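See structure below.
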Amino acid sequence: MTERQGTVIEGPVRVRFAPSPTGFLHVGGVRTAIYNDLLRLHAGGAFVLRIEDTDKARSDEAMTRQIQDALSWTGVRWDEGPFLQSERLPRHTERAQELLAADKAYRCFCTTEMLEAQRAEAQKAGGSFSYPRTCAHLAPEEIARRIGEGQPFAVRFRAPDESIRFLDLVRGDMEFPADAIDDFILLRSDGTPTYHMSVVCDDIDMAITHVVRGEDHLSNTPKHVPLFLALGGAVPVFAHLPLILGPDKKRLSKRFGATSVEEFRAEGILPPALYNYMVLLGWSPGEDREVLPREEMGRIFDVDRLNASAAVFDREKLLWMNGQYMSSLALDEVRPYLEPFLAEAGLAGADPARLRAALELHRSRSRTLRDLAAAVGIYFRDELAYDVPACAKFLADPDLPVHLAALRDHWMELPSFDKEALEAGLRAVAGERGLKAGALIHPARMALSGETGGPPLFDLVEVMGREETSRHLGHFIAFLRRGGALPEHQD
RNA sequence: GGCGCAUUCGUCUAGGGGUCCAGGACGUCGCCCUCUCACGGCGGUAACACGGGUUCGAAUCCCGUAUGCGCUACCA
């Protein structure tokens, strides 16, 4: 941990995000991408996007496309790529062959069955298994003979005998004993390169200076470091990010709700809110500020402040963050993201001016875009569904229909249908009838929104407009007169 | 099993030996604002995993224990 002090990064960096396209982009992946984004933003340089699609069975073009969409939606910007690792396989093989030629790697003729047996035995004896270097020093003639016989072989890396050290920006100076790694495989017996070979080769070719990735790669790093060296590449600086946990402190799983960018998007989360929330899951600006735009975070981002312990994903706080952005962003910035939800709510063709006014009225009251789109629906409907249980107190007042009818008549005769006039009108009607304003306001709100809560009544009515207000009041009066029975078509 | 990493309010975190009977945020509770709801404001609630050291002094440094997690493939 001591080494962390003063590891602030100032020069240009080359960072990369290298997801494998196996479905949706999960929160862990997004956060990794975001920290890379911020590091690049802070220090300058380049962000390389590399798709690790070598596991062809699980990868396809659509998934690659999806990752790019999810990243750009989130607000992560990359400078180079996407590069497909699958297209670089020949290069990886070529580099592995170089290691073989330089005797930094060797052919291993051991069969999987043999290795499995040895591994099982070692486990039974209570120890850990590492490759016993059976083929590490075969005589050249022996090798030639076996190749001649057509025996398949894998290519193994000659792991160093010294302990391996590297710098991890999150955890400090790391040191692994030599026996922590064995002579791992570079090329499978079918000739294809393994993950370790591909990653290191690509990181070298792409001149990556900082590898920011998940903690699950921490134990792989002592394998990668000597491989960088053997291939003549500069060893990058590492930063291994802790995992993201679910509320049960286990690996985040679906049963606690959305876990992927696509799902958050579908729920109506704004990209900057997701981005902002994710950044805070493992990093803090060090001052008591939390809601910060990407550019600002980029300016003050500092790997020094990355947290080393796992964090529980808190959906509530994400929703809160979303609410912050929903109400503070300019409406025009929100609109593009909102559009699909409006369409879904059947409001695609709604009157633009009224829609806009309605959105302004409701956005600070909604936590998601989906909620917002649903909330403004009341301004564009022929009939409203009332919160029936909450209507009990209105039904208990036999004079209410008359009062509301008077209110409606008064409002309809107003020369100007604006909130000041509406309020003055309502207070006048209430006064004439010996009522408190609230005695009209609350039932009117129910009549015009179907709910007990919502924006200030006169704002609501102004946006609703004269015609709809009259109609909805009429419906509600009829509803009250029926004693609360719903018309046929409304159940 | 082996190796590694982690451990501050329910959750995200601040904290780099004294300024910490531990600060901020989400949540929660109460109050204010108010026609309701939300926003906002104010206040309350609640934490240094445990045990040993080191030190005049430890949340902070060291060692152990516990717990959690990761890795331990011819997967990535």
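Order of the sequence lines sets the chain letters (A, B, ...), proteins ahead of strands, with each chain counted from 1. Everything numeric in this text was worked out from a predicted model, so none of it was measured.
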Between CG of A/Asn276 and C1' of B/C12 the distance, given in whole Å, is 12 Å
_If the cut-off is 4.0 Å, is A/Ser189 near the phosphate of B/C74, judged by side-chain N/O to OP1 or OP2?_
no
Those residues at least two apart in sequence (or on a different chain) that pass side-chain contact (heavy atoms from CB on, under 4.5 Å) with A/Glu432 are none
Does the cation-pi check pass for A/Arg156 over A/Tyr106, that is, NZ or CZ under 6.0 Å from the six-membered ring centre and within 45° of its axis? no
From CG of A/Asp288 across to C1' of B/A22 the rounded distance in Å is 13 Å
A/Asp183 CG to B/U72 C1', in whole Å, measures 16 Å
Please give the distance between the P atoms of B/A73 and B/G64 as a whole number of Å. 27 Å
When the C1' atoms of B/U45 and B/C37 are considered, how many whole Å apart are they?
-> 25 Å
Q) Expressed as a whole number of Å, how far does the P atom of B/C48 sit from that of B/C29? A) 24 Å
Inset, instruction - May I ask you to say what A/Gly214 touches in the nucleic acid, namely base, sugar-phosphate or nothing, with a heavy-atom cut-off under 4.0 Å? - result: nothing
side-chain hydrogen bond (donor to acceptor under 3.5 Å, both in side chains) pairs touching residues 278-293 of chain A, sequence neighbours excluded, are A/Glu287-A/Arg289, A/Arg289-A/Glu296, A/Glu290-A/Lys317
Does the plane of the ring in A/Phe166 sit parallel, tilted or perpendicular to the ring in A/Phe238? Use 30° and 60° as the thresholds. perpendicular
The salt bridge (Lys or Arg N to Asp or Glu O under 4.0 Å) partners of A/Lys104 (sequence neighbours excluded) come to none
Taking NZ, NE, NH1 and NH2 as the nitrogens, is one of them in A/Glu98 or A/Arg95 under 4.0 Å from a carboxylate oxygen of the other?
-> yes
Whole-Å distance, A/Asp168 CG to B/C3 P, equals 20 Å
Under a 3.5 Å limit on both distances, the Watson-Crick or wobble mate of B/U36 is none
Spacing of the P atoms in B/C62 and B/U7 (rounded, Å)
12 Å
inquiry  = Please give the distance between the C1' atoms of B/U8 and B/A59 as a whole number of Å.
reply    = 7 Å
| field | Rounded C1' spacing from B/A14 to B/C20 in Å | value | 11 Å
Problem set entry | Side-chain ion pair, A/Arg427 and A/Glu423, N-O less than 4.0 Å | yes
Students often get this wrong, so: under 4.0 angstrom with heavy atoms, is A/Leu280 touching a base, only sugar-phosphate, or nothing? sugar-phosphate
Those residues at least two apart in sequence (or on a different chain) that pass salt bridge (Lys or Arg N to Asp or Glu O under 4.0 Å) with A/Arg381 are none
From CE of A/Met174 across to P of B/C3 the rounded distance in Å is 14 Å
OP1, OP2 of B/A6 versus side-chain N and O of A/Asn307: anything below 4.0 Å?
no
Under the ring-ring contact (aromatic ring centres under 6.0 Å, His included) criterion, do A/Phe264 and A/Phe313 qualify, and how do the steps go? CA-CA 13 Å; A/Phe264 292 122; A/Phe313 187 86; 5.7 Å; yes
If pairing means Watson-Crick or G-U wobble with both distances under 3.5 Å, then the partner of B/G51 is B/C63
Assign each of A/Leu115 and A/Arg367 the nucleotide of RNA chain B bearing its closest heavy atom; nearer the 5' end lies the nucleotide of A/Arg367
In 5'-to-3' order, the base (B), backbone-only (S) or no-contact (-) status of each nucleotide in nucleotides 64-71 of chain B, using a 4.0 angstrom heavy-atom cut-off, is -----SBS
Any N/O pairs under 3.5 Å between the protein and nucleotides 17-20 of chain B? List them or say none.
none

As its Watson-Crick or G-U partner within any shown strand, both distances under 3.5 Å, B/A14 has none
Residue set satisfying side-chain contact (heavy atoms from CB on, under 4.5 Å) with A/Lys419, at least two apart, ordered chain then number -> A/Phe458, A/Asp459, A/Glu462
Re B/C20: Watson-Crick or G-U wobble partner, both distances kept under 3.5 Å, found to be none
(request) Considering just the side-chain nitrogens and oxygens of A/Arg289, establish if one lies under 4.0 Å of OP1 or OP2 belonging to B/A14. (result) no
For A/Asp161, the salt bridge (Lys or Arg N to Asp or Glu O under 4.0 Å) test, sequence neighbours excluded, returns A/Arg133
Q | Aromatic centroids of A/His224 and A/His196 separated by under 6.0 Å | A | yes
Whole-Å distance, A/Leu306 CG to B/A14 C1', equals 15 Å
A/Leu241 atom CG is separated from B/A6 atom C1', nearest whole Å, by 14 Å
pair_partner(B/C69), Watson-Crick or wobble, both distances < 3.5 Å, evaluates to B/G4
For nucleotides B/G27 and B/G4, find the distance between their P atoms and express it as a whole number of Å.
41 Å
Residues at least two apart in sequence or cross-chain that pass side-chain hydrogen bond (donor to acceptor under 3.5 Å, both in side chains) with A/Arg294, listed by chain then number, are A/Asp37
If pairing means Watson-Crick or G-U wobble with both distances under 3.5 Å, then the partner of B/C42 is B/G30
Among the nucleotides B/C26, B/C3, B/C35, whichever has the atom closest to the side chain of A/Ala180 is B/C3
A/His240 atom NE2 is separated from B/A6 atom P, nearest whole Å, by 13 Å
Side-chain N or O of A/Arg119 less than 4.0 angstrom from OP1 or OP2 on B/C74?
yes
For A/Ala357, the side-chain contact (heavy atoms from CB on, under 4.5 Å) test, sequence neighbours excluded, returns A/Val463
A/Ala18 meets the side-chain contact (heavy atoms from CB on, under 4.5 Å) criterion, sequence neighbours left out, with A/Arg16, A/Arg50, A/Glu52
Applying the 3.5 Å cut-off to both distances, the Watson-Crick or G-U partner of B/C74 turns out to be none
Note: for A/Phe458 and A/Thr192 on RNA chain B, the residue whose nearest nucleotide lies more 5' is A/Phe458
Whole-Å P distance, B/G23 and B/A47: 11 Å
- Message: Considering every strand and a 4.0 Å limit on heavy-atom distances, what is the contact class for A/Ala311: base, sugar-phosphate, or nothing?
- Response: sugar-phosphate
Given protein heavy atoms under 4.0 Å, the one-letter contact record of nucleotides 36-51 of chain B, with B base, S sugar-phosphate only and - none, is simply BBB-S-----------
Check your understanding: Can a donor-acceptor pair under 3.5 Å be found between the side-chain atoms of A/Glu290 and the base atoms of B/G24?
Key -> yes
